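Structure, as structure tokens:
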Amino acid sequence: MSKKSRLKIVAGNWKMNLHSNEALELVTGISNYLENNDLPDNCQAIVCPPSPYLFLVANSISEELDNKLSVGAQNCYTKASGAYTGEISPEMIQDIGCLYVLIGHSERRKYFGESHEFLAQKVNKALEVDLIPIFCCGEPLEIREAGTHVDYVSTQLKESLFHLDVDNFNRIILAYEPVWAIGTGKTASPEQAQEMHAAIREMLATQYGKETADSVTILYGGSCKPANAEELFSQPDVDGGLIGGASLKADSFTKLIEILNEVG
Ligand code: PEP
């Protein structure tokens, strides 16, 4: 499968930002853009609001945009229900109309100590209820400086994803997010992003075969914004972006959709 036919995505990770009126204003701005601009069938947008606003945001999106704008959660737990105060289950996320869930974001790994094994359990549970995991991987600065970033990411994928059979793996979306580029204003160069995305496809080819390696969507994340998106999105193995800061304003987020549509 060529890059042209892979699913292309701009996904916004709103993190722990915005109040409900702002969340609604933002999703309305994105909806307006998508209602007035045709996107190719294989191009779509996802927003990942904080969990208290998932229902509100999912409900505000018109059915006509069903294939163009979807909602994802930023996290999920590994159980369907029970005495797990404060957690939300994949079943609940799916029940309120979300299609995606971020798993393995570096902030979850760092601040909440999420291990490879725990992330593997989340992936399994999400897939069980047909939620699509957007699985994040990426190396911290000291690993990049030591030159062992490809091995580091390989371990993240092996330990949390490579237990999946090929059919399940084909449902996953990957996001390569070098930790040193997240929220820092420092972007990976297009060459650095391409090098890792190509290396990830090689890992997938070894584990699952070339067809899977060629068809999996791999997003880049880390200070991606309208000013640098064109050169990142035009790399042969970059299929779009997972966007933090620049996803909080409708004009910058929709500009990223426009750029992906043009050069992706
Ligand atoms: C992210 O949190 O996934 C991210 C890429 O953030 P930012 O775009 O702000 O670096």
Side-chain angles (χ1 to χ4, degrees), residues 8-18 22-23 26 30 44-51 53-54 57 70-76 98 100-114 119 122-123 126 132-141 143-144 149 152-153 156-157 160-161 172-190 192-194 196-197 200 217-233 235 237-260 264:
K8 295 190 278 179
I9 294 174
V10 181
N13 174 13
W14 297 357
K15 310 195 189 189
M16 199 173 71
N17 291 302
L18 307 177
E22 297 165 323
L26 178 51
I30 298 166
Q44 55 168 274
I46 301 171
V47 289
C48 301
S51 51
Y53 309 141
L54 283 172
V57 170
S70 307
V71 180
Q74 295 175 18
N75 183 29
C76 67
C98 299
Y100 296 91
V101 60
L102 300 180
I103 295 180
H105 192 281
S106 63
E107 288 152 16
R108 299 290 320 169
R109 294 176 191 261
K110 179 174 170 194
Y111 300 128
F112 303 96
E114 296 192 351
L119 297 176
K122 290 188 184 204
V123 167
I132 300 173
I134 301 175
F135 184 84
C136 307
C137 56
E139 78 288 353
L141 185 60
I143 297 292
R144 168 64 59 169
H149 44 287
Y152 187 92
V153 167
Q156 290 179 319
L157 299 185
S160 300
L161 293 181
I172 302 267
I173 289 167
L174 294 176
Y176 168 58
E177 301 204 297
V179 180
W180 45 273
I182 297 181
T184 57
K186 248 191 217 171
T187 320
S189 68
Q192 285 172 320
Q194 170 56 26
M196 183 61 89
H197 283 229
I200 290 172
T217 293
I218 310 179
L219 309 178
Y220 168 79
S223 298
C224 182
K225 50 184 184 282
N228 57 26
E230 184 173 339
E231 43 181 12
L232 287 161
F233 292 171
Q235 296 304 309
D237 288 299
V238 176
D239 305 313
L242 177 55
I243 317 295
S247 73
L248 294 174
K249 291 267 185 286
D251 58 352
S252 52
F253 189 68
T254 55
K255 184 74 195 162
L256 290 167
I257 298 172
E258 189 184 311
I259 294 170
L260 181 63

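All values reported here derive from a predicted model rather than from experimental measurement. In each ligand, atom 1 is the first atom listed, and ligand 1 is the first ligand listed.
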Give me the residue, atom name and distance of the protein heavy atom closest to atom 1 (C) of ligand 1.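 Minimum-distance protein heavy atom for atom 1 (C) of ligand 1 reads His105 NE2, 3.2 Å.
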In ligand 1, which numbered atoms sit nearer than 4.0 Å to a non-hydrogen atom of [X]?
{"X": "Ala181", "value": "10 (O)"}
{"X": "Gly183", "value": "7 (P), 9 (O), 10 (O)"}
{"X": "Ser223", "value": "7 (P), 8 (O), 10 (O)"}

Please round to the nearest 0.5 Å and tell me the distance separating atom CD1 of Ile103 and atom CZ of Arg108.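 With rounding to 0.5 Å, CD1 (Ile103) is 11.0 Å from CZ (Arg108).
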Checking contacts here: is it the side chain or the backbone of [X] that comes within 4.0 Å of ligand 1, counting heavy atoms only? Could be both or neither.
{"X": "Asn13", "value": "side chain"}
{"X": "Glu177", "value": "side chain"}
{"X": "Ser247", "value": "neither"}

Would you say [X] touches ligand 1, if touching means a heavy atom closer than 4.0 Å?
{"X": "Ala246", "result": "no"}
{"X": "Ala175", "result": "no"}
{"X": "Lys15", "result": "yes"}

Run through His149, Glu139, Gln156 and flag the one making a side-chain hydrogen bond (donor to acceptor under 3.5 Å, both in side chains) with Tyr176.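 So the option named by the test is Glu139.
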